[in-house]
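Input: a single structure, listed below in structure tokens.
Counting convention: from 1, in listed order, for ligands and their atoms alike.
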Amino acid sequence: MISLYFHIPFCTKKCPYCHFYVIPNRPAYQQLLSEALALEWRMQQPLMEGRPVTSIYFGGGTPSLFTEIGPLLTQIPRASDCEITIEANPEESSLELFSHFVQLGINRLSLGVQSLDDRSLQTLERIHTAERAKRAIFDAAKAGFKNISLDLMYDLPGQTEESWAFTLDQLRDLPIQHLSLYNLTIEPHTSFHKRKVQLPQPELSLQLLQTALERLASLGLNRYEISAFARPGFESRHNLGYWTGRPFLGFGPSAYSFWEGERFRNVANIHKYARALREGQSPVDFREKLPYPAHLKERLAVGLRVREGVNLATFPLDADTARVIEELKRNNLLAQRGTQLQLTERGMLYYDTVASEMI
Ligand code: SF4
């Protein structure tokens, strides 16, 4: 089984915290991307032969802005129960657009809501309001989406517990099945970074996370991965693939792939990406195949993100990693039952420490 990821880089406006490769939504870029994706699709055919596609993810950017999703999807042979996700932003959504996606066979929607408090949305300099976001969620349900996921962000500048609780409390009335929860990080080369925007202190940050964990549990959204919550049966198949090492191919500028133990990335520039493909060249500008034991350590650290953990019987551990695991167990960050190793509740809170110790 394999997964496919399509990076569609269009955005109406660049958010000040965004570190993804995004470009304005212009007809000329739409055309360029459409032609280049068709060439890349043809180039990668030999790799995919005989490998059933279990999930497809249109991410970005704002893939819902791409006018060629339909023609692209029709080319992809896939398992009948294939999970097909598209990301969308509330401000560019409508009942009509969502109905179109449902007709195309897209069965999962990921909405970039980020907050249901207008003050926080203004802090993030998002275009949409909380009301607009809620309307988009109800439109999606009305259009027939039975698997709707929201992205929410916390740890925002000036965010208080009350403002965060205000967002979380509104989830109760929404027809959602999945939620991805991110803390804001200030990445280099972003506008927030240049402006030296300050984030909440670690104590408040932990408190905000704990508030979210309590509220989401009370709504029946189970934490099945460090940052992902779902009603039973709605865990993201695509994302579980990333965390458990399923091979995936990425298409589009800046898209990553993981294939036969190698990670590679397409050039993050639509012109270079399209030119390479037009000339029959690979658009990949970065490749990495970690040697033993580094690749096992990385797989272990990523696999531990999932609540059920990893089966150590499938990891031929070196002495150094085995020693680190014992230390993390002593510190109540990891627990082992038989050969299954998983994060403790404390380990879920301090996953970054576990991962950095491991790698
Ligand atoms: S909408 Fe998403 S992808 Fe686009 S600029 Fe904002 S954060 Fe980045």
Would you please indicate if the ring centroids of F248 and Y242 are separated by under 6.0 Å? yes

Give a yes or no on whether the ring-centroid distance for W41 and F251 is below 6.0 angstrom. yes

Show the nearest heavy-atom pair for residues R78 and L104, with the distance to one decimal. NH2-O, 4.2 Å

Decide yes or no for R307 and L343: does some side-chain heavy atom of the first lie under 4.5 Å from some side-chain heavy atom of the second? no

Is L277 reachable from I270 through a run of hydrophobic residues whose side-chain heavy atoms are each under 4.5 Å from the next? yes

Nearest-contact summary for [atom] - protein heavy atom, Å:
atom: atom 2 (Fe) of ligand 1; result: R126 NH1, 4.2 Å
atom: atom 8 (Fe) of ligand 1; result: C18 SG, 2.3 Å
atom: atom 6 (Fe) of ligand 1; result: C15 SG, 2.4 Å
atom: atom 1 (S) of ligand 1; result: N89 ND2, 3.2 Å

Taking both backbone and side chain into account, is any N, O or S atom of C11 nearer than 2.8 Å to atom 4 (Fe) of ligand 1? yes

Salt bridge or not between E91 and K13? Use side-chain N to carboxylate O under 4.0 Å. no

Would you say G61 contacts ligand 1, with heavy atoms under 4.0 Å as the rule? yes

Taking only heavy atoms of K13, which atoms of ligand 1 are found under 4.0 Å from at least one of them? 5 (S)

